[in-house]
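This report refers to the structure that appears directly beneath it.
Just so you know, these numbers use all the heavy atoms, side chains as well, and skip hydrogens, waters and symmetry mates. Naming: A, B, ... by sequence-line order, numbering from 1 per chain. Treat the numbers as computed from the prediction; the structure is a model and nothing was measured.
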There are 2 protein chains.
Amino acid sequence: MSLPHAILGILGYMPMTGYDLKTQAFDKSIAHFWSAVLPQIYRELERIEEKGWATSSIEIQHDRPNRRVYSITDAGRAEFARWLHEFQPPPAHREAFLIQLFFAAQLRSDEIVALLEGQLAARQEQRARFAALESAFDGDHPREEALARLTLDLGERITETYIAWLEDAIALVKALPS
Amino acid sequence: MSLPHAILGILGYMPMTGYDLKTQAFDKSIAHFWSAVLPQIYRELERIEEKGWATSSIEIQHDRPNRRVYSITDAGRAEFARWLHEFQPPPAHREAFLIQLFFAAQLRSDEIVALLEGQLAARQEQRARFAALESAFDGDHPREEALARLTLDLGERITETYIAWLEDAIALVKALPS
DNA sequence: GTAATATATAACCAGATTTATATGTACTCA
DNA sequence: TGAGTACATATAAATCTGGTTATATATTAC
């Protein structure tokens, strides 16, 4: 329900191919709150075109395969503007590791600690990835930049919350009577 | 991939019907980290039985419709124990509201603030729901209880993180030049 | 010659959600 | 008394969304 609008949001800035959307937009700026794989993006672009929210044209290239470039239409802009005001309910939290933890009483404490440490390592990597993104701001569009920074900031805060919780959880489980 | 294991985890404590799983387990203790709707649970129970991880039998009732009660098998316990040690990668963060915020530069600041306030209200309700759950601990199984509390605690911390971030974001957007 | 990069798409599968349907009891409101 | 509604219980069908795998072509780099 939101992927088409993420795509419209990007096309609002400039026309793009599916490949560009994936490599330049999804994998770079917005991966931390919405990800999509290539076939998904291409399929969605077809649907967007069917609905008249974008048009596409082939751009001939001689050094590389031809590209199909999508441009947003007025109808697409209108749809996006409408959607921008719609309330989006917070997504359900669904995390397999928490099922494990919830039912981990049958494990020895050191096994539970191992689970927690695996998660801690993953979250620390995530923190490092956020730190690497930090630098990529151009400074030319302060309003856009402030909002982009906000979404990044949330991702970082959540990651820190996980790390602190995992550290506390490890200490707690170590102190648990078996 | 995890729903069957959540079900096995519950059946490990006692035999249950699909309806019980939904109303007693999913909607109560574990809704804050894994949710499922009724048809999904019934379908999954069929698959679990096909794989030999549980058996079912009809329990005749006279005041209400008959119930199909599922019991975990040794193979089911073995599968669950095996799965308990498997690393579960953190799920991708996918939140429609963050797409809105990221692309909200075209909105007036007061419109952005309205979006943020909608999310704030939703997260405050979530906090209230967590507070209501707090009390439901029996105290008979300290190990199980400690782990259940841990999962609840994470949910609460994440909710607080959102609330603090939303409050900061509102202040920031209000101060933004248009 | 092999790998990597750029580009596009088809086919399929898995998981989650919505909607509908069925049946029996109990309760409520007019 | 009868009509509607809620609760307990189970399942089917359809749909949507996301993800995996494979395939195809062209160029450049190693």
Side-chain angles (χ1 to χ4, degrees), chain A residues 1-8 15-28 30-31 33-51 54 56-70 83 88-96 99, chain B residues 1-8 15-28 30-31 33-51 54 56-70 83 88-96 99:
Chain A
M1 237 207 284
S2 306
L3 178 59
H5 295 95
I7 293 176
L8 287 178
M16 284 211 200
T17 67
Y19 190 83
D20 289 344
L21 280 165
K22 171 64 174 165
T23 56
Q24 305 308 306
F26 277 91
D27 286 356
K28 296 208 173 133
I30 73 188
F33 58 82
W34 205 279
S35 63
V37 294
L38 249 191
Q40 214 187 338
I41 290 173
Y42 283 115
R43 234 186 313 121
E44 211 54 53
L45 281 170
E46 285 170 15
R47 286 185 200 156
I48 286 173
E49 193 169 20
E50 273 171 29
K51 293 198 183 170
S56 73
S57 63
I58 302 274
E59 190 178 292
I60 307 287
Q61 299 193 117
H62 296 290
D63 47 341
R64 303 188 207 152
N66 296 340
R67 310 153 27 97
R68 178 177 292 274
V69 181
Y70 287 86
W83 177 83
Q88 303 293 330
H93 187 179
R94 228 185 230 118
E95 188 167 355
I99 304 179
Chain B
M1 237 206 284
S2 307
L3 179 58
H5 295 95
I7 293 177
L8 288 177
M16 282 212 204
T17 68
Y19 191 83
D20 288 344
L21 280 166
K22 171 63 175 166
T23 57
Q24 303 309 307
F26 277 91
D27 286 356
K28 297 209 171 132
I30 72 186
F33 58 81
W34 205 278
S35 64
V37 293
L38 250 191
Q40 213 186 339
I41 291 173
Y42 283 117
R43 238 188 311 116
E44 215 46 70
L45 281 170
E46 284 169 15
R47 286 184 201 158
I48 286 173
E49 194 170 17
E50 274 170 31
K51 294 198 183 170
S56 74
S57 63
I58 302 273
E59 189 178 293
I60 307 287
Q61 299 194 113
H62 296 289
D63 49 340
R64 304 188 207 151
N66 296 339
R67 308 150 33 93
R68 179 178 292 272
V69 182
Y70 286 85
W83 176 83
Q88 303 294 329
H93 188 179
R94 225 184 233 118
E95 188 166 357
I99 304 179

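Put simply, CZ on B/R67 is 18 Å from C1' on C/dA22, counting in whole angstrom units. The interatomic distance linking A/Q24 (CD) with C/dT5 (P) rounds to 13 Å, in whole Å. In this structure, A/E49 atom CD and C/dT9 atom C1' are separated by 14 Å, rounded to whole Å. Distance, A/D27 CG to D/dG19 P: 12 Å, rounded to whole Å. Regarding B/L21, its CG atom lies at a distance of 13 Å from the P atom of D/dT11, rounded to whole Å. For the pair A/E46 CD and C/dT7 C1', the computed distance is 14 Å after rounding to whole Å. The interatomic distance linking B/Y19 (OH) with D/dA10 (P) rounds to 9 Å, in whole Å. To the nearest angstrom, P of D/dT17 lies 18 Å from CD of B/E95.
Qualifying ring-ring contact (aromatic ring centres under 6.0 Å, His included) partners for B/W34, counting only residues two or more places apart in sequence or in other chains: none. Considering only residues two or more places apart in sequence or on other chains, B/E46 meets the side-chain contact (heavy atoms from CB on, under 4.5 Å) condition with none of them. Scanning for side-chain contact (heavy atoms from CB on, under 4.5 Å) contacts around A/T23 gives A/Y19, with sequence neighbours left out. Partners of A/P90 under the side-chain contact (heavy atoms from CB on, under 4.5 Å) rule, at least two apart in sequence or in another chain, are A/F87, B/Q119, B/A122, B/R123. Remark: A/R47 engages A/E44 in a salt bridge (Lys or Arg N to Asp or Glu O under 4.0 Å) (not counting sequence neighbours).
Distance alone, capped at 3.5 Å, places no donor-acceptor pair between the B/R68 side chain and the B/G18 backbone.
Regarding contacts with the backbone of D/dG19, a side-chain N or O of B/R94 is found under 4.0 angstrom from either OP1 or OP2.
In this structure, the nucleotide among D/dG18, D/dT17, C/dT7 sitting nearest to the side chain of A/R47 is D/dT17.
Across residues 37-45 of chain A, A/P39, A/Y42 each have a non-hydrogen atom less than 4.0 Å from an atom of DNA chain C (numbered order).
In this structure, NZ in A/K22 is found 13.5 Å from CE in A/M16, a value given to the nearest 0.5 Å.
Two residues, A/S2 and B/V69, neighbour DNA chain D, and the one matched to the more 5' nucleotide by heavy-atom proximity is B/V69.
Using a 4.0 Å heavy-atom cutoff across all strands shown, B/T17 reaches sugar-phosphate atoms only and no base atom.
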